Amino acid sequence: MFAQHFPVLPIVLPLIGAPVCMLLARSQLAWLFATLISGFSFFISIVLLLTTLDQGVLSYALGGWEPPWGIEMRVDVANALVLSVVTGLSTLVLVYAKQSIDKEIDRNQHTLFYTAHLLCLAGLSGILSTGDAFNLFVFLEISSLATYTLVSLASDRRALTAAFRYLVMGTIGATFILIGVGMMYMKTGTLNMLDLAARIAEYDSNRTLNTGLAFILIGVSIKLALFPLHMWLPPAYTHAPSAVSAFLAGTATKVAVYVMVRFIFTIYGAEYVFHEMGMDVILLVLAIVAIFNCSFVATVQSNVKTMLAYSSVAQIGYMILGISLVTSAGLMAGLLHIFNHALMKGALFMAVGAVLFRTGSADIKAYYGLGKRMPLTMAAFTIAGLSIIGVPLTAGFVSKWYLVTAALEQQHWLIAFLILTGSLLAIVYIGRVLEVAYFKEPADPTDTTIKEAPVLMLIPMWILVLANIYFGIDTSLSVSAADAASKWLFQPAADLGAVR
Amino acid sequence: MSFIVDYYNYWIVVFLMMAGFYIVISANNLVKKVVGLNIFQTSVFIMYISIGKVSGGSAPILADGITSYSNPLPHVLILTAIVVGVATTAVGLALIVRIKRAYGTVEENEFKDKDALI
Amino acid sequence: MNIWSALEPSQLINLSIIVPVIGAALLVFAGKRPNLRETVSIATAVILFTLVLGIADNTFNQVPMATTWVVLLSGLNIAFSVEPLGVLFALVASFLWIITTIYAIGYMRGHHEQNQTRFFCCFALAISTVMAICFSANLLTLFIFYELLTLSTYPLVTHAGNEEAKRGGRVYLGILLTTSIAFLLFAVLGTWVSAQTLEFTPGGVFNDVSSSGLIAVLLVLFCYGIGKAALMPFHRWLPAAMVAPTPVSALLHAVAVVKAGVFSILKIAIYIFGIDNLSEIATTDLMLYIGAATVLLSSFVATTKDNLKARLAYSTVSQLSYIVVGALLASSIAAAGATLHIVTHAFGKITLFFCAGAIMVATHKKNISEMVGLGHKMPLTMIAFAIGALSIIGLPPMAGTWSKWYLLVGALEQDKLIIVAVLTLSSLLNVAYLLPIPIKAFFTPAEPNQQPESWTETQHTPLPSLIAIAVTASACLLLFFFPQPIIDLINLIPGVSTEF
């Protein structure tokens with residue numbers, strides 16, 4: 001049966017597609033091919049999500065080697081949800097990229113862009129589906145290396161230094177994860193996640209395991225840009241091509257959040273991490289500082305891309321906050337925000353990319369009077385911005401609602417209040433852009449080259465915008481998936497083993 | 001004293017790791033940063049390989065009369081990790097080449113000054 | 001009375017929310033032809049009013065009406081159901097929408113405003129959200145449409161598009177969004193977590209209000225979270241929003257927006273806390289005295305304003321707090337007075353705003369000091385102004401008498417003599433800042449540099465505006481002699497009664 005190979009296809013398809021893409025010398029062909037591959041992966045991810053919602057977990061032994069000796073691909077509701085987000089966003093970004101990269105990447109490097117994008121997608125899918133801790137590291141590095149090249153493809157030379165900085169930080173983070181995995185292996189002698197979980201459950205507290213966890217959490221925190229380890233992110237997102245920023249903001253850091261969730265909940269178990277080691281307080285404080293610090297920094301940026309990058313770091317704070325509440329409801333809110341944030345940040349970066357395409361600048365001055373010249377783009381920016389703020393009937397409201405309820409259920413009144421006041425800062429930074437776009441007169445009123453973005457950029461942008469509204473009103477799919485995922489993750493690790 | 005001698009492999013690892021880390025942080029030259037990053041990664045490779053050794057065990061090759069083998073799995077893992085490390089180095093060096101072309105220098109403080117002029 | 005009796009009663013709710021939206025859509029298409037556009041506007045308004053009349057008719061016949069749109073979050077719906085308080089507000093808002101549309105046609109043409117289609121469009125959308133607020137069945141629905149009302153009126157406030165309008169718009173959006181997200185959403189979530197329901201229930205949703213400090217906090221959060229009620233110190237947005245065109249100020253800031261605020265407070269007091277329970281909550285008295293202080297302070301501020309619209313704005317702030325005070329007196333008769341005050345103040349204040357707008361169109365005068373002797377030139381407008389002023393003050397034979405009467409009786413019944421004193425003093429202040437305007441207009445001779453002899457009122461004031469003024473002014477009179485239908489409706493509200 002073909003269908004039994006589905007769990008591995010979202011990895012294998014782009015992985016094989018990448019070199020093929022490079023051989024297709026023509027930009028148009030490479031674009032079409034990459035989009036098709038990505039779209040097919042998305043289709044499979046959706047099938048996987050529906051299957052897992054129905055049946056629970058799908059296990060796939062790579063190369064026919066039975067786990068725990070061979071590498072196992074394990075798809076459950078949690079990773080199927082994130083997988084759908086990643087492949088879906090990737091497809092939309094690829095559609096968008098065709099015209100967007102025309103202005104931002106040298107012509108002869110277009111095929112390289114699609115190759116690197118597919119490699120990155122393969123890596124991200126791999127991280128999500130694998131059930132093996134070391135394999136996770138390998139896929140993490142595949143995606144990261146592809147990301148460094150993607151960032152450096154921009155024709156602006158500052159992208160090179162940003163990519164190098166990202167490379168150094170990312171490699172340190174990955175090596176930390178490698179150390180942590182090594183320490184887990186030293187103590188347990190296995191790398192399969194479920195085996196690890198079962199064996200770690202036998203220890204009450206162990207210094208090697210604690211150290212390993214510390215290394216892993218710090219390494220993952222670098223990858224997911226948790227405050228104060230986020231300094232690589234703003235320059236990278238600012239100078240990367242817009243299509244890359246849109247893709248990375250919605251996927252790369254989110255996948256890292258997923259890795260953190262995996263290590264905390266599946267492998268170590270919430271009990272161990274939060275009660276034995278008291279990580280919840282540390283994460284909680286860092287998350288709240290991230291929300292306030294980075295939202296505030298976002299309000300004073302003059303480059304809109306940098307502003308959105310800082311906003312991303314702040315939004316990651318919300319996800320970590322949900323995780324650190326140590327309840328199924330909190331985790332669910334965090335997972336839901338991964339999904340919703342991909343929708344809104346993707347749309348915002350696409351809108352900014354469209355402006356960059358027409359005006360050649362991401363500075364806030366370029367937005368003067370754009371409300372009249374690029375009405376559809378700015379309308380998309382407005383709706384996605386309202387979603388970031390958390391206005392009702394947008395996806396952002398739903399995640400904020402669940403996050404605050406999760407905090408209130410734990411009687412954390414102050415935290416709930418801080419979450420809500422944090423979103424007020426979003427009003428300020430989104431409002432700044434909207435105000436100049438709709439009220440300022442354009443700097444050069446006679447310039448007729450600035451008009452509405454091309455259709456091929458508008459379509460994916462508006463699909464995301466409409467998704468923001470759709471998932472703000474009909475929440476049954478997103479909420480039930482996130483709910484099932486959090487319940488699945490929250491059951492004691494030992495029970496997970498029994499499922500096999 | 002036995003604390004130091006018994007765990008000498010870890011001391012080597014820690015020393016290399018810190019040395020590499022220090023170079024990454026302090027070096028101004030991007031090539032030196034990549035060198036530091038390599039040393040940092042190598043220390044982890046050594047850690048993996050050293051923990052695979054079983055006292056008295058032979059190389060993990062099936063042979064008559066040998067009952068105790070060292071653990072081969074860390075070697076396999078680290079082969080993969082070395083590949084990853086090499087790839088990282090390659091990307092890093094490629095970036096440095098392009099930075100040199102764009103800025104005319106690979107010294108961090110110098111190209112920061114040049115960007116400040118824009 | 002009910003021309004829609006062929007329809008299923010619950011459909012009337014859907015229609016009353018959707019009809020203005022359809023009207024707005026038609027307006028966009030009719031935008032190029034002013035006559036068609038205004039026909040559509042008036043037709044929509046009239047249809048809406050008949051729909052609300054049908055709903056009122058059903059309410060008197062005790063026909064239950066309810067509808068659910070979508071299940072938004074688990075256990076939480078966007079749902080609507082009809083109760084008498086909402087019907088009353090809907091009647092007032094939809095009737096005055098007709099009048100205001102007629103007035104606006106004259107005003108906007110006379111004043112040569114730009115972007116009239118956008119203006120009428122946003123106007124219709126705002127009314128749609130007001131209808132949704134009126135009929136909301138739970139706090140979540142109320143909150144969502146409360147936010148939408150803020151957003152849909154923002155383009156109206158900044159209609160002029162100049163620096164002053166922008167500043168006003170920023171204050172407007174800033175205060176209303178800030179209070180609603182930081183306090184109101186927080187209070188809604190707090191209610192949800194502690195009461196496990198957000199449905200509006202006669203008698204309140206909390207089991208035991210007296211012992212809980214949480215509920216005391218919630219009351220404060222609700223009072224301040226509903227920034228549209230303009231309780232000090234969150235009242236600044238109301239004067240700031242007066243930069244809007246006069247019809248906007250008239251409908252939105254004398255009727256729809258501010259009344260949506262106090263209506264929400266009344267609805268929450270009646271259906272979330274329960275009028276009888278209010279007296280047991282620790283913070284009720286605190287909020288009551290803050291309301292009383294707002295009544296007095298803003299009356300004092302009003303006496304210092306020379307700009308007519310600014311004076312009326314502060315008068316509105318003061319009158320709104322009457323309603324807040326009435327809601328918080330925890331007496332069924334004071335609540336009846338507060339409900340009635342929504343109606344009487346709406347007619348009185350809209351008359352005053354219409355007059356201010358008519359004066360501005362005809363003579364381009366904004367300041368009270370310039371209006372000396374104007375009664376000789378614009379007798380009709382000034383007579384209407386005097387009628388409106390008397391109604392606001394609460395002197396017979398004007399409608400305002402009744403509401404102030406019930407409020408006073410309620411305060412006496414609760415032995416709150418301070419409130420009695422405040423209400424009396426405030427009425428005196430009303431006399432001081434409103435009556436001099438018509439008195440000086442009529443009894444002081446016109447200054448020589450005024451308009452020439454041949455200048456007549458009917459020639460310079462648009463006819464539709466004069467008709468509108470005449471209608472609202474005569475309504476102020478009529479409601480004094482025939483208040484019974486409205487009082488009957490008020491007596492249907494559970495826990496509210498005009499009987500001793």
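Per chain, numbering begins at 1; letters A, B, ... match sequence-line order. Just so we're clear, the structure is a prediction, and the values are computed from it rather than from any experiment. Heavy-atom basis, side chains included; hydrogens, waters and symmetry copies ignored.
- Counting heavy atoms from C-beta outward, C/Ile268 and C/Phe273 have side chains that approach closer than 4.5 Å.
- Here A/Phe471 and A/Phe339 bring their ring centres to under 6.0 angstrom of each other.
- Side-chain contact annotation: A/Ser480 with A/Asp483, donor-acceptor N/O pair under 3.5 Å absent.
- Contact tally against chain C (heavy-atom pairs below 4.5 Å) for A/Val428, A/Val404, A/Thr421, A/Asp474: the top residue is A/Val404.
- Using non-hydrogen atoms only and a strict 4.5 Å limit, the part of residues 406-420 of chain A facing chain C consists of A/Leu408, A/Glu409, A/Trp413, A/Ala416, A/Phe417, A/Leu420.
- Using cut-offs of 30° and 60° on the angle between ring planes, the pair C/Phe80 and C/Trp69 is perpendicular.
- Aromatic ring orientation, C/Phe143 versus A/Phe397: parallel (interplanar angle below 30°, classes split at 30° and 60°).
- Closest non-hydrogen pair, A/Ala380 versus A/Met461, comes out as CB-SD, 3.6 Å.
- The contact list for residues 145-157 of chain C toward chain A, using heavy atoms and a distance under 4.5 Å, reads C/Glu147, C/Leu148, C/Leu151, C/Tyr154 by residue number.
- In this structure, C/Glu164 CD and C/Thr158 OG1 are separated by 12.5 Å, a value rounded to the nearest 0.5 Å.
- In this structure, chain C has heavy atoms under 4.5 Å from both the backbone and the side chain of A/Thr405.
- Distance check: A/Thr377 OG1 to A/Leu458 CG gives 5.0 Å after rounding to the nearest 0.5 Å.
- Side-chain contact, C/Asn77 with C/Thr68: no donor N or O sits under 3.5 Å from an acceptor N or O.
- Among C/Ile78, C/Leu173, C/Val217, C/Thr178, the residue with the largest count of heavy-atom pairs under 4.5 Å with chain A is C/Thr178.
- In this structure, the separation between CG on A/Leu434 and CD1 on A/Ile427 is 11.5 Å, given to the nearest 0.5 Å.
- The side-chain tip of A/Lys400 points at the ring of A/Tyr318 from less than 6.0 angstrom away and within 45° of straight on.
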